[in-house]
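Excluded from the calculations below are hydrogen atoms, water molecules and symmetry mates; all remaining heavy atoms, backbone and side chain alike, are included. For reference, positions follow the sequence shown, starting with 1. Counting starts at 1 for both ligands and their atoms, following the listed order.
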Amino acid sequence: MTKTVKDPWLLTPGPLTTSARTKEAMLHDWGSRDVQFIETNKRVRERLLAIAGAEATHVCVPLQGSGTFAVEATLGTMIAKNGTALILINGAYGHRMAKILDYAGRRYEILETPEDTPPDLDALGAALKTDPGISHVLAVYCETTSGILNPIADIARITAEHDRSLLIDAMSAFGALPMDAKNIPFDALMASSNKCLEGVPGMGFALIRQSALEKCQGNAHALSLDLYDQWTAMDKNGQWRFTPPTHVIAAFDAAIDQFEAEGGVSARHTRYSNNGKILIDGMRALGFETLLPDDLQAPIIVTFKMPADKAFDFQAFYDALGRKGYVIYPGKLTVAPSFRIGCIGHLDETVMTGALDAIRQTLKDMGVTSGAPEI
Ligand SMILES: *Cc1c(COP(=O)(O)O)cnc(C)c1O
């Protein structure tokens, strides 16, 4: 994979490494009413729906900002002021949705499991059965806090069996993990330009069931986050309500071209899985342990437990890898001290092998003999 000379490889949950072609797509200026820009915007929206097999049922509503803006806008638009959400939490992004609902003044309940444990599906079914007040279920597909793969198809099935509305934070999954609206019923799915689709950061989007969105006028608690208004305005004249992130959309269009040329979701899943396998095998050979067993690990980002070796110092390790051109990420867990290494972005096996060489050399320089954790 090629990138601009000297830029580090980003083995993180985002922003991520993008291709030279994606960056080059931004070397122009477009007016917001520019015909070419309006066409690009339309094409991006249509292709995002197609990735989820949702062209016939859903609409794509894009929004300026990072992924959280899209999550906040979707929850505020979809959940009526008298609605109640049930949030499945096993990491920081689930907690963030609860915080969003605190700000928006919406009622919610939580079903929480530890960060290394998938949601309790029996408890989900039981909660929906006993509490008719719950209008929406909120779930995270890949919880990036740990890298755990949550059983989204089962969650969708149970939610549909009880005739409730499912909103999915698929931020770090969309484009790399399977998602077909025809088999996995959801009313809204949120993702962004910058994760597995390998665009540049700056916009999020939601794929929303049109029949559900049509009922959401007046729900939103903030004008700029009103996706009903964003949708109806954009449908009228193809334009954004407020200054569009023109360069981000141009880069996103180029990134989706490359995504399709690579072979879509299955090809991207294969490349990221291969990245993850090289990383995990290589780290285990150095004594490191992953937080998650392989059957719960999504091929997105891997959490490693902090080594027990007294010579290991995370900040020094992080800095030394950065000097060698590889950026990793601190842990975000409450269950155990940890750090994370990502498999997503414009990265391939050469990059992953290079990262492992850099890790091996850095451990040697630090005098660390094993990456094995305490427990
Ligand atoms: C990255 C991410 C988000 C959004 O984060 P931003 O920093 O706002 O882009 C939300 N949910 C999950 C699961 C994520 O991985």
Checklist entry - How far is atom 9 (O) of ligand 1 from its nearest protein heavy atom, and which residue and atom name does that atom have? => result G67 N, 3.0 Å
Item to check | Chi angles and distances behind the ring-ring contact (aromatic ring centres under 6.0 Å, His included) call for Y326, Y318 | outcome: CA-CA 9 Å; Y326 300 93; Y318 177 93; over 10 Å; no
Next on the checklist: Just to be sure I read this right, does ligand 1 sit under 4.0 Å from the backbone of E143, its side chain, both, or neither, counting only heavy atoms?
Outcome noted: neither
Item to check | Close-contact set for ligand 1 against C142 heavy atoms, below 4.0 Å | outcome: 13 (C)
Item to check | hydrophobic_cluster_shared for I256 and W30, side chain cutoff 4.5 Å | outcome: yes
Item to check | Ion pair check, R157 and D154, cut-off under 4.0 Å | outcome: yes
Next on the checklist: For atom 11 (N) of ligand 1, what's the nearest protein heavy-atom neighbour? Residue, atom name and distance, please.
Outcome noted: D169 OD2, 2.6 Å
Checklist entry - Relative to the heavy atoms of T68, which atoms of ligand 1 are at a distance of less than 4.0 Å? => result 4 (C), 5 (O), 6 (P), 8 (O)
Checklist entry - With a 3.5 Å cut-off and no angle check, do the side chains of T18 and K23 form a donor-acceptor pair? => result yes
Checklist entry - What protein heavy atom sits nearest atom 3 (C) of ligand 1, and how far off is it? => result M171 CG, 3.3 Å
Item to check | P13 contact mode with ligand 1 (heavy-atom cut-off under 4.0 Å) | outcome: neither
Checklist entry - What protein heavy atom sits nearest atom 1 (C) of ligand 1, and how far away is it? => result K195 NZ, 1.3 Å
Item to check | Per-atom contacts, ligand 1 versus S172 - under 4.0 Å to a heavy atom | outcome: 15 (O)
Checklist entry - Which of the atoms in ligand 1, numbered in the order shown and given with their element, are less than 4.0 Å from a heavy-atom of S66? => result 6 (P), 8 (O), 9 (O)
Next on the checklist: Regarding ligand 1, does Y93 bring an N or O atom to under 3.5 Å of one of the ligand's N or O atoms?
Outcome noted: no
Checklist entry - If you draw the axis of the six-membered ring of F304, does the NZ or CZ of K332 fall within 45° of it and under 6.0 Å from the ring centre? => result no
Checklist entry - So, are E46 and K42 salt-bridged, with charged N and O less than 4.0 Å apart? => result yes
Item to check | Carboxylate-amine/guanidinium proximity below 4.0 Å for R284 and D294 | outcome: yes
Next on the checklist: Between the side chains of D357 and R360, is the shortest nitrogen-to-carboxylate-oxygen separation below 4.0 Å, so that they form an ion pair?
Outcome noted: yes
Checklist entry - So which heavy atom in the protein is nearest atom 13 (C) of ligand 1, and how far is it from that ligand atom? => result T144 OG1, 3.2 Å
